[in-house]
Amino acid sequence: MRMTRLATKTQREAPADAEAESHQLLVRAGYIRRLASGVYSFLPLGLKVLAKLNQIVREELDSAGAQEVMLSALHPVELWEQTGRIETMSDVLMRVEAKGGSFVLGPTHEEAVIATIAPDLESYRDLPVTVYQIQTKFRDEARPRFGLMRTREFVMADGYSFDASAEGMKASYQQMYEAYLRIFDRLQLPYVPVEADSGAIGGDVNHEFMVPSPIGEDYFAHCESCGYAANIEAARRGPQREAEIGEVEPMSVVSTPETSSIQELVRFFRSRGENFEENNFLKSIACKDAADEITIILIPGDREARIPKGLAPLANSDFDSFSFLFKGYIGPMQMQEQGVKVVADFSVLESQSWITGANLDGHHVINAQPDRDFIVDELGSFVVVQNGDPCPSCGSDLKLIRSVEAGHTFQLGLAYSSKIPGATFKAENGLDEKFWMGCYGIGMSRLPAVLAEHFHDSSGLMWPASVAPFQVEILTISPGKFPEVVAYCDSIYRQLLELKVEVLYDDRDIAPGVKFADADLLGIPKIVTIGQRGLSAGMVEVKDRLSGERIEVEANLLVEHLRANGVQ
RNA sequence: CGGGGAGUGGCGCAGCGUGGUAGCGCACCUGCUUUGGGAGCAGGGGGUCGGGGGUUCAAGUCCCCCCUCCCCGACCA
């Protein structure tokens, strides 16, 4: 590509709406342009990067036995009514009313893939099958962020596996999981596969592929000592070091009117000259399960609860049904007598005594001691983990790492196939059975941002060769003045093109400084500077953008040199 | 959805307090000069000042309503 023919230009200054460095550089260098909030067009350079990424995904998923398809982006609304996600995902669904009826712009394709593929999967003999697509998705995000990071329209590579059994699903999952490892290896980004919470998509075992990054919107807990890694929503903490048991004064009831929150309690005691911190209070969270059985979860007052699946905190209206529970004044004492189970976070045993609800409106108890004053039926991890919490597998300190969710793999089980009629196959015994499914996603259009965030310096982008829009840039010095330089550069350009090398030729007759600055901004891995000065001595300069290393190369050996140094 | 900030040529910004010819840098066009790290001189083109309403002889500037964008939070297959 000749730069004089390139459809885009660089900009010296980034638009004011670009905050993240990756966003600023991608816009300045002419890779992307914003059309609306959270809506970006890919310009020629940006599209080349995206195409490179897509190709890596294709190669690895194909080699894992997955088959590429393209499902429609427009889904009939009836499909979404079958699974109920027309309601549960209404926040992000974009609707389209058209002549043919009502449609949804697909934010994800579980429904569509079943409707498309299931008709051909009639028998267990047809299974397993894994398909994938690289498709544009639409989500009506409440708040798009950081350029390509979170957008309303984005490209995702999403795969779906169909199996006849749970074991089959696990095997398919494992194949895709390993393909994901190979994909992220090839992207040359640091990444960590973490245990994750499956969120609204449902399902069981799943992993997120997290790339540590300042533009990340997620955190994962990581243990440097044993390698434990889990998304913040799924992370567990381990038991704390032994707490020493000492003498604690007898528990007593105090009147604490109008103190249904920890903050109000802290203020209440402070106003009486007694200074307690939030972590002196024991938060008792009453939850119920599907059978209306009550479980009380105990956590320190300064921690955020992580409510296990299957339990939900009582709604205000629920309190009417349980007269022994006073909202804001719940404590664990004697709860077993009411048929209530008491579970506590490990950290609850780290303190000798607590201030907690007295199970009496407007009252709390002080000096409530575990084992002496209340019984904990079960210990576990019920808090959102923080820096310094003990690792659940080895006890070392956990660290929270800000990161981008770049990929996510799920074992869906029967979650979707059980909701869609026709998501069945004939089993060996001749009966209809439901598909065991997995789904797998990579946020393709956010990857250029993640890469740019990782691979840049103060002058601009620095793409790894595997994803760079071009492998080599030829930079001519003052072509308008030195015809012999132009002749040489044209010849090199032609040779490289014939060798199918992706080459960008900066043939513009402008000040050299501008060309150097643009070359650094664009971030092509190899920059060949060719000027009259060097050429008259038979030399050209080759700069490696990533390492910054510059070497002089004999002009008549340039092509061979490039080929010998990884330029394909 | 809550809080904060901002909308003036393609991009970055000034002008608004105290109403009176719309300005600067980058980019763009023409010419000459220049040519190994964001060139110089001269000339030139391009803006319903986010939109609507109002006040006024006169509104980019004052008042009201709306829209859009960014940041923090809530939310987030």
Side-chain angles (χ1 to χ4, degrees), chain A residues 8-20 23-24 27-30 33-39 80 83 85 88-93 104 106-113 135 137-147 149-152 154 156 158 160 196-203 206 208 215-218 231-233 404-405 407-410 412 415-416 439-443 446 459-460 475-482 485-486 506 508-521 527-537 539-541 543 550 552:
Chain A
T8 58
K9 286 189 176 133
T10 58
Q11 284 172 204
R12 194 176 295 208
E13 288 180 282
D17 62 19
E19 181 82 2
H23 186 193
Q24 295 185 358
V27 173
R28 280 186 54 209
R33 179 155 292 143
R34 193 182 71 84
L35 265 188
S37 178
V39 181
W80 286 77
T83 54
R85 291 208 293 181
T88 55
M89 286 186 69
S90 62
D91 273 3
V92 298
L93 284 180
V104 165
T108 172
H109 285 232
E110 284 79 11
E111 287 86 351
V113 77
Q135 243 287 24
K137 314 274 186 183
F138 299 86
R139 285 187 200 168
D140 197 4
E141 290 288 351
R143 176 141 103 87
R145 241 185 276 228
F146 296 136
M149 263 306 298
R150 173 186 290 247
T151 53
R152 294 197 161 98
F154 57 98
M156 178 180 283
D158 49 327
Y160 305 87
D197 189 78
S198 53
I201 199 163
N206 71 94
E208 282 178 348
I215 56 170
E217 300 182 298
D218 293 290
N231 179 290
I232 185 82
E233 277 116 36
V404 171
E405 178 189 343
H408 203 157
T409 54
F410 298 83
L412 293 175
Y416 288 87
C439 79
Y440 317 89
I442 299 179
R446 77 172 27 170
S459 315
L475 192 161
T476 64
I477 302 293
S478 307
K481 190 180 178 187
F482 302 111
V485 170
V486 175
D506 189 351
R508 299 173 298 172
D509 185 28
I510 55 172
V514 175
K515 304 178 75 163
F516 286 125
D518 276 351
D520 286 343
L521 177 60
I527 301 164
V528 184
T529 301
I530 299 167
Q532 193 273 337
R533 199 180 71 191
L535 209 53
S536 62
M539 304 299 279
V540 297
E541 182 195 278
K543 173 177 167 181
R550 298 182 204 194
E552 295 287 321

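Just so we're on the same page: letters track the sequence lines, and every chain starts at 1. Values reported hereafter were calculated over all heavy atoms of this structure, with side chains retained and with hydrogens, waters and symmetry mates removed.
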Polar atom pairs between nucleotides 67-72 of chain B and protein, under 3.5 Å, N or O only, would you list them?
from   : atom 1 : to        : atom 2 : distance (Å)
C69(B) : OP1    : Ser37(A)  : N      : 3.2
C70(B) : OP1    : Ser37(A)  : OG     : 3.3
C70(B) : OP2    : Ser37(A)  : OG     : 2.6
C72(B) : OP2    : Arg143(A) : NH1    : 3.1
C72(B) : OP2    : Arg143(A) : NH2    : 2.8

Gly534(A) near the nucleic acid: base, sugar-phosphate alone, or nothing, with a heavy-atom cut-off under 4.0 Å? base
G-U wobble or Watson-Crick pairing nucleotide for G38(B) (cut-off 3.5 Å, both distances): none
What's the gap between G15(B) and G38(B) when it is taken at their P atoms, as a whole Å value? 31 Å
Name all residues meeting the side chain to side chain contact (heavy atoms under 4.5 Å, CB included) criterion together with Ala20(A); count only those two or more places apart in sequence or in a different chain, and write none if there are none. Ser22(A), His23(A), Phe146(A), Ile215(A), Glu453(A)
If we take the C1' atom in both G23(B) and C49(B), what is their distance in whole Å? 12 Å
For atom CD of Glu141(A) and atom P of A74(B), their distance in whole Å: 15 Å
Specify the separation, in whole Å, of atom CZ of Arg508(A) and atom P of U35(B). 19 Å
Glu552(A): partners by side chain to side chain contact (heavy atoms under 4.5 Å, CB included), with sequence neighbours left out: Met539(A), Glu541(A)
At their closest point, which heavy atom of Ile477(A) faces which heavy atom of Gly531(A), and how far apart are they? CB-CA, 3.7 Å
Taking only the side-chain heavy atoms of Lys481(A) (C-beta and beyond), determine which of A77(B), U35(B), G36(B) contains the nearest atom. U35(B)
Would you say the side chain of Arg533(A) and the base of G37(B) hold a donor-acceptor pair, judged only by whether the two atoms sit under 3.5 Å apart? no
May I ask you to say what Asp158(A) touches in the nucleic acid, namely base, sugar-phosphate or nothing, with a heavy-atom cut-off under 4.0 Å? nothing
Any strand counts, and the cut-off is 3.5 Å on both contacts for Watson-Crick or G-U wobble. Which nucleotide pairs with G43(B)? C29(B)
So, for Cys439(A) and Glu110(A), which heavy atoms are closest and what is the spacing to 0.1 Å? SG-OE2, 3.5 Å
Could you work out the separation of C69(B) and C62(B) based on their P atoms and round it to a whole Å? 24 Å
Describe the nucleic acid contact of Pro107(A) in one word from base, sugar-phosphate, nothing, applying a heavy-atom distance below 4.0 Å. nothing
Taking a pair as Watson-Crick or G-U wobble with both distances under 3.5 Å, which nucleotide is matched to C13(B)? G23(B)
I'd like the P distance from G60(B) over to G19(B), given in whole Å. 14 Å
What is the distance, to the nearest angstrom, from the CG atom on Asp518(A) to the P atom on A39(B)? 11 Å
Shorter than 3.5 Å, N or O on both sides, protein versus nucleotides 25-33 of chain B: list them out with atom names.
from   : atom 1 : to       : atom 2 : distance (Å)
G25(B) : N2     : Glu13(A) : OE1    : 3.3

Note: for Gln532(A) and Ala511(A) on RNA chain B, the residue whose nearest nucleotide lies more 5' is Gln532(A)
Please report the distance, rounded to the nearest Å, between CG in Leu535(A) and P in G36(B). 15 Å
C70(B) versus C29(B) - spacing of their C1' atoms, nearest Å: 34 Å
Under the salt bridge (Lys or Arg N to Asp or Glu O under 4.0 Å) rule, what pairs show up with a residue in residues 508-520 of chain A, not counting sequence neighbours? Asp506(A)-Arg508(A), Asp506(A)-Lys515(A), Arg508(A)-Asp518(A), Asp520(A)-Lys543(A), Asp520(A)-Arg545(A)
Does any nucleotide pair with G2(B) by Watson-Crick or G-U wobble geometry, both distances under 3.5 Å, and what is it? C72(B)
Where do N or O atoms of nucleotides 41-48 of chain B meet protein N or O atoms at under 3.5 Å, pair by pair?
none

Can you check whether Val104(A) reaches Glu111(A) side chain to side chain, under 4.5 Å on heavy atoms? no
Rounded to the nearest Å, what distance is computed from the CD1 atom of residue Ile215(A) to the C1' atom of nucleotide C76(B)? 16 Å
With sequence neighbours left out, the residues meeting side chain to side chain donor-acceptor pair (under 3.5 Å) with Glu141(A) are Arg150(A)
Using atom C1' of each nucleotide, how far apart are C28(B) and G46(B) to the nearest Å? 9 Å
Residues two or more places apart in sequence or in another chain: which of them pass salt bridge (charged side-chain N to carboxylate O under 4.0 Å, His left out) with Asp140(A)? Arg152(A)
NZ of Lys515(A) versus P of G36(B): gap in Å, rounded? 12 Å
Does some side-chain heavy atom of His109(A) sit less than 4.5 Å from a side-chain heavy atom of Tyr160(A)? yes
Which residues pass the side chain to side chain donor-acceptor pair (under 3.5 Å) test with Thr529(A), not counting sequence neighbours? none
Round to the nearest Å and state the distance from Ile527(A) atom CD1 to G37(B) atom C1'. 12 Å
For a quick test of reading the model, state the closest non-hydrogen atom pair linking Pro107(A) to Arg139(A) and the distance between them. O-NH2, 2.9 Å
Taking CG from Asp509(A) and P from U34(B), how many angstroms apart are they, rounded to a whole number? 13 Å
Can you figure out which of C75(B), A39(B), A77(B) approaches the side chain of Ala142(A) most closely? C75(B)
Need to verify one output field. Residue with the more 5' nearest nucleotide on RNA chain B, Phe154(A) or Asp520(A)? Asp520(A)
Taking side chain to side chain contact (heavy atoms under 4.5 Å, CB included) as the definition, give me every residue that meets it alongside Ser478(A), ordered by chain and number, with sequence neighbours left out. Lys481(A), Phe482(A), Pro512(A)
Is Glu541(A) touching bases, backbone alone, or none of the nucleic acid, heavy atoms closer than 4.0 Å? base
Hits for side chain to side chain donor-acceptor pair (under 3.5 Å) against Glu405(A), two or more places apart or cross-chain, chain-then-number order -> His408(A)
Can you tell which of G37(B), G38(B), U35(B) lies closest to the side chain of Arg550(A)? G37(B)
Roughly how many Å apart are U18(B) and C24(B), using the C1' atom of each and rounding to a whole number? 23 Å
For Thr409(A), which residues count as a side chain to side chain contact (heavy atoms under 4.5 Å, CB included) partner, sequence neighbours excluded? Tyr173(A), Tyr177(A), Tyr180(A), His207(A), Phe209(A), Tyr440(A)
Rounding to an integer number of angstrom, what distance separates C65(B) and G2(B) when you compare their P atoms? 16 Å
